[in-house]
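Here the structure comes first, spelled out in structure tokens, and everything after it is commentary.
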Amino acid sequence: MPLSAPVTAASVTITLPDGKTMTFPRGVTGAEIAAAIGPGLAKAALILMVDGQEWDLFRPIAHDAKVRIITKRDAESLELIRHDAAHVLAMAVQALYPGTQVTIGPAIEDGFYYDFARAEPFTPEDLPKIEAKMHEIVKADLPTRREVWPRDKAVAHFKSIGEHYKAELIEAIPPGEDVSIYWHGDWHDLCRGPHFASTAKIGDAFKLTKIAGAYWRGDARNAQLQRIYGTAWRDQKELGDYLHRLEEAERRDHRRIGKELELFTFTPDVGAGLPLWMPNGMVIRQELEFLALQEERKEGYVRVATPHIAKETLYQRSGHLPYYADTMYSPLDIDGENYYLRPMNCPHHHMVYSATRHSYREMPMRIAEYAQDYRYEASGGLMGLMRVRGFCMNDAHIYCRFDQAKEEFIKVMRLHARYYDLMAIKEYYMRLSLPDLKKLDKYVDQPEKWLAALKIIREAMVESGYPFVEAEGEAAFYGPKIDFMIKSVIGTEYTISTNQLDFLATQRFGLTYIAEDGTEQPVYVIHRAPLGTHERFTAFLIEHYAGAFPVWLAPLQARIIPISDKVADYAHRVHETLFQVPVFNGTAGLRVDIDLSAERMQKKIRDAQLQKIPYMLVVGEREAAEGKVAVRLRSGKDLGPMPLETFIARIKGEAESRKDRPE
RNA sequence: GCCGGAGUAGCGUAGUGGUAGCGCAACCCCUUGGUAAGGGGUAGGUCGUGAGUUCGAUUCUCACCUCCGGCACCA
């Protein structure tokens, strides 16, 4: 094709990203343009952007246009590869298992999936077979073709070939519209596109990863389909890197580390989702509680303690029962009355608040408790310490005047920030959780109160400068909130902390204060849990630190390693000295032990290393003679011998500052 | 809760229709060693629980419990 064909009515002018223009006959395709630019590009081209719109390489261009050709080097290519891979997965499955219906199959983060309807379940043994078939299809280099059909023709067609889910999808498209059908060889599917010109362009860097159940259209009332997940990349190296990342993530999994470091355990004898904190894990809990106690004291909080159960009437009054009865443990019948294990602490705290009269002078009143709760979470949703049925929450309720709500909300945000800074937590985002206006039955219907509460939170967030995203349908029934969202190491998103504004409690519980003019005025309630629950927060910290906790959190802060039992006496003296060191910002003195086993020093070092103990204090005859300890970090770094006092100053400083020392 | 997979010693694992091995950990002995695994030995399991099939079940079947991967849910 000539680079400078004459400009006529039968030609189009193509403008390339560098501003260069080329002229082609009308109806030119991306493949032809790429070929005109160069054979390398012709080979590398995947799809193109035509005036910002994704366009198949084989689809004719009828107008002058700005064109950008996408190759594997472009960021967009990953999603395209995954989308094409999903199609090939569907092709492979339908070839191997006739009668299987296709539904949808999008590209997702790191890969793709496809949902199938089939009476027989897929088994893990099927995956290699399907994968092999996919490679066959890719190698077959099947050409892609795009057709545009009227909606009604498509519906009738897919019904006629028994693809009822597809037909249903197309029926959701407004009548009169056209739909695009993509063919790969003689297999075809309804699809928006775009797709590569042939199946070979996908390459071979893909792998099927798991089989799962998934509801049709994401609704549990619908039929359950079978989902096959895969991952796909541009080349084998990227695929290898990804699989390697997964392995690394598995190593950080809090369930694995929790077992290795003996932090917590579960047993069917106690019950699903009911964690047992072991001595090592309890140290972390206590240190977090002590941190909270200190920080909350600075902020004017007071502490209370309240029972773990309450009568049904309390939850009727709070309004929780009608909304959440199905996620509460069944009630206990005590003397003919129903008592519930509490799923949250608000009503108890409201009772404390309303036990006395409150003047405007004492507002805000901040009532705090690390409080144990029980929620009957769906059995399938339980996950290690991240999602449990019994948990202990860093809870507090702030009772304030309307005019104080914003400032109090900001103060809570700043408290969050202090905690997160302290622990160098950066991998989270803040979500302003709003009610879903289409499902108002899930929320208290008082539009003007919602708007007022929302205004306070929005202003508080804007004034304090914290970035946030908004999400509909995530609010509590009693008000909007800011949720702090994190991802577990395996990629599931959880709310780790929360800051909520409640306009309802004051009505439900008659929570008021006496204003300057002697009238009773309603209070606003802020529910906040910056450290979330011990369970989820610790799970997160385990993964965040990969088990290598900073000194202030480490269950064992130092281990003394005598080189031989000739120095056992000295080791004991070192231990006793360290044990007695007072730590200002800690629940106790230093946490230290001695490894007196009959093993060689190298073995003891290895053991301490695997337990991720921050400091190993090697003591031999030289150290004993000089009153020193040879300090080794868990990173492997050897600090050499130093006077015991020098080491004490160092570790005490770290414990008290709660700073993590980069090693 | 739903779909699929799994449960063997404290942990990690092998294995079989004829009641089970291995590694680490534990305990004992030898070794007294200078910065990631010294050597030898001992003990530890009603093979998740219950029922069924069978002459016989850890192995096959069913139910339940628990865990894992998703989905749904998540105040």
Side-chain angles (χ1 to χ4, degrees), chain A residues 113 115 120-126 209-229 253 255-256 259-260 262 265-274 315 318-321 323-328 343-346 373 375-384 386-388 393 433 442-443 474-479 481 483 490-495 498 500 502 527 529 536 561-568 597-610 616-623 630-634 636-641:
Chain A
Y113 67 78
D115 285 347
E120 286 281 293
F122 292 113
T123 68
E125 295 76 54
D126 293 332
T209 51
K210 53 200 170 194
I211 303 166
Y215 296 104
W216 169 236
R217 299 197 151 176
D219 190 329
R221 289 166 301 190
N222 290 342
Q224 194 153 29
L225 307 169
Q226 297 186 66
R227 177 171 297 177
I228 297 178
Y229 282 94
D253 191 313
R255 291 167 296 187
R256 177 188 180 126
K259 203 172 272 180
E260 286 167 356
E262 296 179 8
T265 188
F266 290 92
T267 160
D269 294 326
V270 171
L274 299 170
Y315 296 107
S318 70
H320 285 101
L321 210 48
Y323 290 98
Y324 302 111
D326 59 333
T327 47
M328 289 165 74
M344 81 298 291
N345 317 299
C346 337
D373 296 325
R375 291 180 191 174
Y376 187 70
E377 298 283 1
S379 58
L382 302 175
M383 205 288 256
M386 283 284 181
R387 187 95 177 271
V388 289
M393 191 190 287
S433 296
K442 277 182 77 180
Y443 310 95
E474 302 292 344
F477 72 90
Y478 48 70
K481 55 181 178 164
D483 287 323
I490 59 166
T492 315
E493 196 168 82
Y494 292 96
T495 301
T498 187
Q500 316 181 351
D502 179 350
H527 308 240
R536 191 171 287 178
I561 298 179
I563 289 176
S564 76
D565 42 12
K566 285 183 200 143
V567 288
S597 64
E599 297 292 345
R600 297 178 60 194
M601 177 200 63
Q602 284 86 341
K603 180 64 190 310
K604 295 181 184 182
I605 285 174
R606 179 180 152 82
D607 289 345
Q609 186 77 43
L610 292 177
M616 289 161 239
L617 307 178
V618 178
V619 294
E621 294 182 75
R622 293 205 293 272
E623 286 77 16
V631 179
R632 183 190 197 277
L633 306 180
R634 64 188 157 200
K637 192 171 175 192
D638 187 356
L639 300 185

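Chain A is the first sequence line, chain B the second, and so forth, proteins listed ahead of strands; every chain is numbered from 1. This is a predicted model, so every value here is computed, not measured.
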Counting the atoms with a prime plus P, OP1 and OP2 as sugar-phosphate, which does [X] contact under 4.0 Å by heavy atoms, base, sugar-phosphate, or nothing?
{"X": "A:Glu120", "answer": "nothing"}
{"X": "A:Phe266", "answer": "nothing"}
{"X": "A:Arg632", "answer": "base"}
{"X": "A:Glu493", "answer": "nothing"}
{"X": "A:Tyr494", "answer": "nothing"}
{"X": "A:Gln609", "answer": "base"}
{"X": "A:Gly640", "answer": "nothing"}
{"X": "A:Ala630", "answer": "base"}

Please determine, for [N], whether a Watson-Crick or G-U wobble partner exists with both distances under 3.5 Å, and give it or none.
{"N": "B:C67", "value": "B:G5"}
{"N": "B:A36", "value": "none"}
{"N": "B:G45", "value": "none"}
{"N": "B:A75", "value": "none"}
{"N": "B:U53", "value": "none"}
{"N": "B:C22", "value": "B:G12"}
{"N": "B:U59", "value": "none"}

Where the side chain of [X] is concerned, which of [options] is the nearest nucleotide?
{"X": "A:Pro124", "options": "B:G38, B:G5, B:G69", "value": "B:G5"}
{"X": "A:Met383", "options": "B:U35, B:G69, B:G34", "value": "B:G69"}
{"X": "A:Ala214", "options": "B:G33, B:C71, B:A75", "value": "B:C71"}
{"X": "A:Ala378", "options": "B:C73, B:A75, B:G34", "value": "B:C73"}
{"X": "A:Ile490", "options": "B:A36, B:G69, B:C71", "value": "B:G69"}
{"X": "A:Met601", "options": "B:G4, B:G38, B:U35", "value": "B:U35"}
{"X": "A:His320", "options": "B:U31, B:A75, B:A36", "value": "B:A75"}
{"X": "A:Tyr324", "options": "B:C73, B:A75, B:A37", "value": "B:A75"}
{"X": "A:Arg622", "options": "B:C11, B:G38, B:G34", "value": "B:G34"}
{"X": "A:Ser379", "options": "B:G34, B:G1, B:A75", "value": "B:G1"}

No-H, no-angle donor-acceptor pair, [X] side chain to [N] base, under 3.5 Å:
{"X": "A:Tyr215", "N": "B:G1", "answer": "yes"}
{"X": "A:Arg387", "N": "B:C73", "answer": "yes"}
{"X": "A:Thr498", "N": "B:A75", "answer": "no"}
{"X": "A:Glu262", "N": "B:G10", "answer": "no"}

Distance between [atom1] atoms of [N] and [M] (Å, rounded):
{"N": "B:G48", "M": "B:C65", "atom1": "C1'", "value": "7 Å"}
{"N": "B:A75", "M": "B:G52", "atom1": "C1'", "value": "45 Å"}
{"N": "B:C62", "M": "B:C68", "atom1": "C1'", "value": "23 Å"}
{"N": "B:U42", "M": "B:U46", "atom1": "C1'", "value": "23 Å"}
{"N": "B:U49", "M": "B:A57", "atom1": "C1'", "value": "15 Å"}
{"N": "B:U58", "M": "B:A14", "atom1": "C1'", "value": "14 Å"}
{"N": "B:G39", "M": "B:C24", "atom1": "P", "value": "9 Å"}
{"N": "B:A43", "M": "B:G21", "atom1": "C1'", "value": "16 Å"}

key: Non-hydrogen side-chain atoms of A:Met344 and A:Tyr324 separated by less than 4.5 Å   =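 Result no, sub-4.5 Å side-chain heavy-atom pair not found.
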
Take atom [atom1] of [X] and atom [atom2] of [N], then tell me their distance rounded to the nearest Å.
{"X": "A:Glu599", "N": "B:U35", "atom1": "CD", "atom2": "P", "result": "17 Å"}
{"X": "A:Lys259", "N": "B:U66", "atom1": "NZ", "atom2": "C1'", "result": "11 Å"}
{"X": "A:Ile228", "N": "B:G70", "atom1": "CD1", "atom2": "P", "result": "15 Å"}
{"X": "A:Leu321", "N": "B:A75", "atom1": "CG", "atom2": "P", "result": "16 Å"}
{"X": "A:Glu125", "N": "B:G69", "atom1": "CD", "atom2": "P", "result": "19 Å"}
{"X": "A:Phe122", "N": "B:G69", "atom1": "CZ", "atom2": "C1'", "result": "16 Å"}
{"X": "A:Lys637", "N": "B:A36", "atom1": "NZ", "atom2": "C1'", "result": "18 Å"}
{"X": "A:Asp607", "N": "B:A36", "atom1": "CG", "atom2": "P", "result": "13 Å"}

Is the phosphate of [N], meaning OP1 or OP2, less than 4.0 Å from a side-chain N or O of [X]?
{"X": "A:Lys210", "N": "B:G70", "result": "yes"}
{"X": "A:Lys603", "N": "B:A25", "result": "yes"}
{"X": "A:Arg255", "N": "B:C68", "result": "yes"}
{"X": "A:Arg606", "N": "B:G38", "result": "no"}

To the nearest 0.5 Å, how far apart are [atom1] in [X] and [atom2] in [Y]?
{"X": "A:Arg536", "Y": "A:Met386", "atom1": "CZ", "atom2": "CE", "result": "7.5 Å"}
{"X": "A:Arg632", "Y": "A:Met601", "atom1": "CZ", "atom2": "CE", "result": "9.0 Å"}
{"X": "A:Tyr113", "Y": "A:Ile228", "atom1": "OH", "atom2": "CD1", "result": "13.0 Å"}

query = Less than 4.0 Å between a side-chain N and a carboxylate O, is that true for A:Asp115 and A:Arg227?
reply =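 Salt bridge flag = yes for A:Asp115 with A:Arg227.
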
key: Salt-bridge criterion met for A:Arg217 and A:Asp219 (N-O under 4.0 Å)   =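 Salt bridge absent between A:Arg217 and A:Asp219.
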
task = Name the residue closer to the 5' end of RNA chain B, choosing between A:Ser564 and A:Ala220 according to the nucleotide with the nearest heavy atom.
result =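 This one resolves to A:Ser564.
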
request  = Name the residue closer to the 5' end of RNA chain B, choosing between A:Pro121 and A:Ala476 according to the nucleotide with the nearest heavy atom.
outcome  =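 Nearest-nucleotide comparison on RNA chain B picks A:Pro121.
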
Within the side chain of [X], is there an N or O that forms a donor-acceptor pair under 3.5 Å with the backbone of [Y]?
{"X": "A:Lys604", "Y": "A:Ser597", "value": "yes"}
{"X": "A:Gln226", "Y": "A:Phe122", "value": "yes"}
{"X": "A:Thr209", "Y": "A:Tyr229", "value": "yes"}

task = Give the ring-plane orientation class for A:His527 versus A:Tyr478, where under 30° counts as parallel, over 60° as perpendicular and anything between as tilted.
result =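 Rings of A:His527 and A:Tyr478: parallel, under 30°.
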
